[in-house]
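The next block holds one structure in the form of C-alpha cells; read it before the comments.
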Amino acid sequence: MSESPDTRSLVSASSQLNLMDIDAIDDKEFDIPQVDTPPTLESILNEPEDEEEPFVLEDTYLLNTENMDAHSCETSSLASSDSGDRTHLKRRRRPVESTATVHGSVLRHSTLKGISAQIVSAADKVDAGLPTAITVSSVIAVGTSHGLALLFDASQALRLCLGSTAVGAQYGAVSALSINHDCSRLLCGFAKGQITMWDLANGKLLRTITEAHPPGTAILHVKFTDDPTLAVCNDSGGSVFELSFRRVMGVRSCDSRCLFSGSKGEVCCIEPLHSSTELKDHPITQYSLLAMASLTKILVIGLKPSLKVWMTFPYGKTDPASVPQLAWQFVAVQKAVNPMLAFCRGDTVHFLLVKKEESGAIHVIKQRQLHLNCDIISLTWINSRTLVLMDSGEKLHVVDRASQEELESLDMAEVQLVYNSSHFKSLATGGNVSQALALVGEKACYQSGCSYGGQIVYLGTKSVHIMTLRNWRERVDYLLKQERFVEALSLAWSFHEGTAKAVVGLFGDPAKRKGVVSDKMVEILFQYADRSLKKCPEQGKIQVMEQHFQDMVPVMVDYCLLLQRTDLLFNQIYGRLVENSVARGVFLESLEPYILSERLGCLTAPVMRDLLSHFQDNGMMDSVENCLVHMDVTSLDIQQVVQMCWENQLYDAMIYVFNSGMNDYISPMERLFQVIGSPLREGKSLTDEQVIMGNKLLVYISCSLAGRAYPLGDIPEDLVPLVKNQVFEFLIRLHSAEASQEEEVYPYVRTLLHFDTREFLNVLALTFEDFQNDKQALEYQQRIVDILLTVMVENSDFTPSQVGCLFTFLARQLAKPDNTLFVNRKLFDQVLEFLCSPDDDSRHTERQQVLLELLQVGGIVQFDESRLLYLAEKAEFYQICEFMYEKKHLYDKIISCYLKDPLRKEEVFNYVHNILSIPGYAPEEKQSVWQEALEHMQELVAIDPAKAADLVSMHFSEAVQPIIDKLEDDSLVFQFLKCLLAPREGPHPQGVLRLSPDLHELHVGLLCRFSPCQVIGFLRFSQDYRLEETIKITEQYSLHEATAYLLEKKGDVHGAFQVLLQTLKDKLIVLTQESQTNTEEEEQLPLQRLEVALSDIISLCHRSSPSLNQQQREALWFPLLEAMMSPQKLLKGPAWRHTSEALKELTMRVLNSMTSFIALPAIIQRILQDPVYGKGKLAEIQGLILGMLDTFNYEQTLLETTTNLLNHDLHWSLSHLRAAVSRGLHPRQDHCSICLQQYKRRQEAQDEIIIFSCGHLYHCQCLQNKECGVAGERLHRWSCYKCTSSQGGRGGERNASSGGRSRSTSLAQTKVTSARRGSWGDPTGKKLFMDTTLDAQQSQSWEQLRCIYRGPSRLAILTELSHSRGNEKPSLLNPSQPGSGSIFHSENFQLKLSPPPLIEE
C-alpha cells in the first residue's frame, strides 16, 4: 500500500534524528506524519480499552481526602527565578524506570530554526527582550519580556509584531497568550495586570482591558473558551475572572465576573474544555466547562447556562513546591467519546471522565490513576491515548494512558525551558503574593508548552522546539538505521497485532493493516538474513560462529512462523543460509522447538531430509525421535526411516512411522515382542533397555485399544474399530508367526503376563470399560478371560501374587452390575487352596495381601465363608480373619487377631479405643470389646505400658485395682503405674488419673526398688499419698533424702534436719577414712557426694530459718557447723592437706550461709568456745574470722553507697524542680485567648493576667467565667482553657479529678497585674509578681519532666531492687537489702552478684 500525505499540519518536522540528539530543520520542511488509512469515528470507538471499572461520583465529598491549607505551608526563600533560570530544578532529579517492551523512538524532536533565529534577532535588533510565552494554532505567537508579541506563520515567517517596547515598559512582560478557535483574535496578558486583544488579520489592537481584575496582580493565564465572546483569566492573587466581550453600536467593551476569589484559596492554573469541529455538538460542550487548580484542590465548573460547580477534588498530601497541572482531552472509553480531565500535583496523575447519561444526569467518574517516580511540571495530551509529561529534571516522559506504560524518555535540558517564576512572584508589581504561590512559581512553566494538532511546541530561552509522534514506518526505520533488527521486528509485530502504543498512520481495516506491516517485516527479514551472513566472523573458533548464528537465525524462524510464511522460511531464507554450513546447521536445529510445539508441522522434502541427516550425523537421535512423532512422514522413505529408528532404538518414532506412514499397527508389536519374549520364556531377567521396550509395548496396546494414537494424538475415527480388532486378534493368537515346536500356546498373552501382570490386567480393565456396549468386544472379553485362566491356572510358573492379581481382576469384573463374563467358581476354590496352602510357608505376607485384596474387591461372594475362615486361621492369615469378623460384627474376636499378629500388635490399642469411643457401634458390641480387652490386659501392658495406661485412663478407670491384681510381675506393675500416674500428652491429653492412696504408696515402694532416683520427683508431683505410710516406706529402703523431704512436708523440720545431718556425717566419715589410701583423683567422688549432701542440708536450713525464732535457728545451724568443723582436728599432716582445704572451703560456705540468719557475734563466740579452736592459736581460725569480717565490710560499704545515691538524687530533683517553677514564661500573643482582646482592656481598670507554660495568656476574669480554676486552701489553681478544650474536657474539673496528669496545666503559673498605664515594655508601668508553689498537681508534672530529662533515676533502680524483709531495721551490723549503683567513696569496692540476704538483730 502506498502512502500519500493528507492534510497539512501547521508545525511538524520530518527530519530523522537520534534519540538524544536534536537536529535543526530547514525553514520550509513542514509536513504531517504520513497516514496509510485515515481514521474514522467507528475505528476510534472500536479501539480496545482496558480501563478498570470506574466508580460514579454521586457526591463530591466522597473524593475528599486530607486537605492541605495552602497558607500553612512552609516555604523557602523567594529568590527571583525569571525566564530561563533553571538552577532551582536541580533539587529533585529522580531516575525513571525504563520498560522492557520495545517501543522504539516514539517522539520526533525538532528545532524550529527559522522562528528561533528570528527571536534571537528581535532581541538584539529591536530590543524585544527574551521570550516569555508561546501559544500555537494555525499560527505561532511568542511573547517577550519587553511586551511584544511576535506572530509567525506555517513557513516560520514573521507575519506580525504586535505592541511596542514603550507599551511594554508600561505593561511589563507578556505573561500569557491565547488564540481563539478560528485564529482571528489574540489575547495577551501582561506582568502588570493589563490584557490586550489583537486582530490577527490586520494586527490591529481591539481592546485594552485594565479593570477586569484587582490592580497590582500579574496575569498568570488568559484563555479563550470555545465561545469567541468568552474568555477566562487568572491573576497572581489566585483569583479567576470571566471576560465577556461585547460590541454594541461599534463600541467594544468587556464585562468581568469573578468566578473564584483568591481569598478562598489561590488558583494557579486554569484550563477550559475545547472541542474540535467534529465534536461541537457533543452534549457536554454546551456547558462550557472550566477546570481550575488551586494549591489544595481542583474544581470543575460550568460557565453555561449558569455558573455551577460540578465537582471538587482535593490533592491530599503533596509537596508544597509541586506545580498543579490540568489538561483536557476527548477520549474513547466504553464505546463512547467523552471529555477526560488529567490533573496532577507531584508524581501522581489523576483522570476524571465527564459523561452525560441518557437520563440527562451528569457523572464525573474517577479512572485509574498514574504514578511516576518524578515531580511533574508539565502535563500535555498529544493524542487521545498518549500523554507527554515533563519532570522537574527537564525529562520528557511519553506515557500510554490505558496501559500506564512509559513508552519513551527524552532529556530536554538543552532546550533551556522558559520558566514563569517572576510572574508568579508578581515581581513587576512589587512581589505582593503569598509565599505558597511564590514557592509553586519556582517550577512553573505553563506558558512554555502548547499542544495543537497532535504536536507539542516548547519555548526555550533562545529557540522553539516541536515534538511530534513518529508514524509507524518512521519508528521502524529509526531502529533499522541503528541496525537494531530484533527490536525493529518486535516493534513491527506489535503494529501487526495491534498491540503497539501511540500508533500513527495505521488506523483502519485490520486486514489491510496486517498486509502493510507484514510486507515491511518480510523486507526486514531479508535484510536481517543478509546481515547475518555478512557479519559472520570469517576466522576463529567454530563456537564463535555458532553463537553468532544462534543469536540471529531463531529470530528469523520465529517471525516467519508468526507471519505464517513457511514458503519464505524454507525457500528464500533457507536458500540464503544454506551457503554457510554453520548457518545451515543452526537453522535446522532451531526448527526442533517449533516442531515439538506443533507450530511447524509440515516441512518441504529437501528440508526434512537435511534435518534428519544433520541430526543423525551429529548423534542427536533423541531430537530425531522427538521431531519425527510431530511431523508428516509420508514424503520420506519409510523403510529407510524405520531401519534408522530400529538401529538407534527409537521405538516411539518407529511405531509412529508404521502407524501414520503405512497404517500398520501390528508390525511394531511383532518387533517388540521378538525382543522381550525370548528372555522371558527362558526365565532370564530383562535388561533396562528391554524393560523400557516392554513398558512402551503396554502403553502402545493400551492406546490402540482406546482409540488413541501413540505417542500422541488420536487414531482416525474410521480406523478405530479396525485397529481394535487387529490388536485383539494379535494378542489372542495361538502361536506367533515364526513359532517353533517348543512354543507354548498364546505366547503374546503369556509374555505380557510374565512381564508385568498387574499392569497388563489394568490395560485390559481400562479396555473393558470402553467396550461395554459393543457386542463383538464383549465376545473378545470372554475369550481373553478364558485365555488368561488357561495360561495362569494351568501353569506353575506364576507366583501367588500374579495369580492373585488375575483373580482380583476377575472379581472386579464379576462384581459389576452389568457383568457378562462367566468364570467357573471351582477356579476360585482352587485359588483359595493355593493361597492358604499350609505346606508352603514362603511368601506368607504376599499370599495374605493377595487374598485380602481379592476379598475387598468383591471376591468374597465366590467363597464359602466358613471354609474361608477356617483356612485363614489355619494359615495364620489374621488380616483375613479380621476382615471376616468385622463383616460379621464380631469385634471382640478381632482383638485376638491383633494380639496374635506379630506385625500389628501395637495397633490393638487404637482399635480398642476407636471401638469404645466412636459412635455407631451397639452397646453390647462395645461391652464385649471392653470385656475382651480387660481379660487380655496383661498382654497389652507387656506390649506397651504407656499405651495400655492411656487406654485404661480413658476407658477402664473403674477397673484399675483388678487390673493391677492380675499383673503378676512387679516390674510390669511398676511400668504400668509409672505411665498411669504420669501426666498424659499426645493425641488424647488428659489429667492425671485420681487413684487411691494405696496405689500411690505401692508405686512409691516400686520406685524405691526399681528407680530410687525418681522417688523425690514423684513425691513432689503427687499429692495423693499418706505421709506416715510413705515415710515408713522410704525408711525401709533407706532413702534419706526422700525421708527428709517427707518430714519437712509434714512440718518436722528438726527431724528432717537430723536425717540429713546423719547422712552428712556418714559421708564425712567415708571421706576421712578413704583419704588415707586414695589418691587425689580418687578423692573427688566422695568429695562431690559430700558437697551434694551439704547443699541439701543448707537448702533445708535456708527454707526453714525465716519461720523460726533465733534459738530454733541456732539449733539448726550450729550442729551443722560443728559437724563440718569436728573432722578437721583429726586431719593433720601433709597427707590430709587436700582434704583439709576442701573441708575448710565447705565450712566457709556454711558460715556465709549462716550470717544471713545468725548474728555475727554469736557465731564468733561459738567458734571461740569450740574445743577445736578454743585451745589453738589465733592463726588457726584467722581464715574463718577474716572471711566473716569481709562480709561485714561488704555490707557496710553497700549501705553507705545506697545512702549517698539517695541524697544525690534528692538534691538533683529539688534543684531541677526549683529551676522549672522559677523560669519566666513567654506568651505567644498579646491578647487574651478567650475574649481575643488586648491584655490591657480599659485605661483605668486593673486586670489580672494569667500566663501558662504552654504560652497561652488569659484575663483572670475570663478564666473564672469559663470555670477553668479550682479553689485550693491557699491559692487558686488554674488550667489552660484552650489546651483542656482540645483534649475534650472541662479544664478545671478534669485536672482536679485526674490529679494533674494533663499536659495542659503548666508547671508554674504567673499572675500579671496590669496597672493603669500598663505596658509590656515599661518597667514602671506594671507590677510583676510570681507565686511559686509545689502542689500535688505540679509534683505529677515534675515527675513527667524528670522522666523526659533523665529516664529512670538511680533512685528508681534501687527502689525496684530493694524489698524489705519484715520489720527488721538496718544497722551497721545489720545492713539493708543491697542493690546496685555507683560507688562514691571506695574505688576498689566491687559489687557482688549475689549479696547475702537480711539478718536480724
Side-chain angles (χ1 to χ4, degrees), residues 1040-1041 1044 1048 1053 1056-1072 1075 1080 1083-1106 1108 1113-1131 1136-1170 1172-1173 1176 1179-1195 1198 1373-1375 1377-1378 1390-1400:
H1040 303 301
E1041 291 83 356
E1048 183 183 1
V1053 176
F1057 176 77
Q1058 292 299 327
V1059 171
L1060 292 178
L1061 184 62
Q1062 185 59 43
T1063 303
L1064 180 68
K1065 289 179 179 179
D1066 293 343
K1067 295 187 183 299
L1068 281 169
I1069 292 172
V1070 171
L1071 178 67
T1072 53
S1075 297
E1080 186 172 322
E1083 291 179 11
Q1084 291 299 322
L1085 184 59
L1087 192 59
Q1088 290 174 358
R1089 292 173 180 169
L1090 177 63
E1091 289 180 1
V1092 172
L1094 184 61
S1095 297
D1096 291 341
I1097 195 168
I1098 289 176
S1099 299
L1100 173 66
C1101 295
H1102 265 295
R1103 290 193 301 271
S1104 305
S1105 293
L1108 302 177
R1113 292 179 184 178
E1114 293 179 356
L1116 289 181
W1117 288 102
F1118 284 147
L1120 174 60
L1121 181 62
E1122 292 172 2
M1124 290 302 300
M1125 293 172 61
S1126 58
Q1128 297 182 31
K1129 62 184 177 181
L1130 304 174
L1131 305 178
W1136 299 96
R1137 181 179 57 82
H1138 178 71
T1139 304
S1140 177
E1141 290 177 357
L1143 286 179
K1144 287 182 179 180
E1145 185 177 345
L1146 294 176
T1147 305
M1148 280 303 302
R1149 182 175 169 186
V1150 173
L1151 285 170
N1152 287 333
S1153 300
M1154 289 176 64
T1155 55
S1156 300
F1157 304 99
I1158 308 295
L1160 187 61
I1163 298 174
I1164 296 177
Q1165 183 180 4
R1166 189 60 177 260
I1167 292 174
L1168 295 177
Q1169 290 176 355
D1170 189 277
V1172 178
Y1173 297 104
E1180 296 181 5
I1181 60 173
Q1182 182 180 6
L1184 293 175
I1185 294 176
L1186 289 178
M1188 289 184 287
L1189 291 176
D1190 181 58
T1191 302
F1192 168 78
N1193 289 332
Y1194 165 78
E1195 293 174 347
L1198 191 62
L1373 292 178
N1374 186 19
Q1377 174 75 13
Q1390 293 183 349
L1391 188 66
K1392 298 181 181 178
L1393 294 178
S1394 180
L1398 291 170
I1399 63 173
E1400 182 178 328

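The analysis underlying the following values was restricted to heavy atoms, covering all of them including side chains, and did not include hydrogens, waters or symmetry mates.
- The aromatic rings of W1117 and F1157 sit parallel, their planes meeting at an angle under 30°, below the 60° perpendicular limit.
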Audit row: L1064, M1124, side chain to side chain contact (heavy atoms under 4.5 Å, CB included) steps and yes/no: CA-CA 9 Å; L1064 180 68; M1124 290 302 300; 4.1 Å; yes
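- Between D1096 and V1092, the closest side-chain pair of non-hydrogen atoms falls below 4.5 Å.
- Between A1056 and A1044, the shortest heavy-atom distance links the atoms CB-O, 3.3 Å.
- With sequence neighbours left out, L1116 forms a side-chain contact (heavy atoms from CB on, under 4.5 Å) with V1053, F1057, C1101, S1104, L1108.
- When side chains are defined from C-beta on, P1119 does not count as touching Q1058, because their heavy atoms never get closer than 4.5 Å.
- Under the rule for a side-chain contact (heavy atoms from CB on, under 4.5 Å), E1145 has no partner lying at least two apart in sequence or in another chain.
- Rounding to the nearest 0.5 angstrom, the gap separating the CD1 atom in I1098 from the CD atom in E1091 is 10.5 Å.
- When all heavy atoms of R1113 and S1105 are compared, the pair lying nearest together is NE-O, 3.0 Å.
- The two residues R1089 and K1067 make their nearest non-hydrogen contact at O-CD, 3.5 Å.
- For the atom pair L1060 CG and L1094 CG, the distance stands at 10.5 Å (nearest 0.5 Å).
- D1066 CG to L1090 CG: the interatomic distance, rounded to the nearest 0.5 Å, is 11.0 Å.
- Listed by chain and number, the residues in a side chain to side chain donor-acceptor pair (under 3.5 Å) with T1063 amount to none (sequence neighbours excluded).
- Considering NE2 of H1040 and CG of L1061, their distance stands at 12.5 Å, rounded to 0.5 Å.
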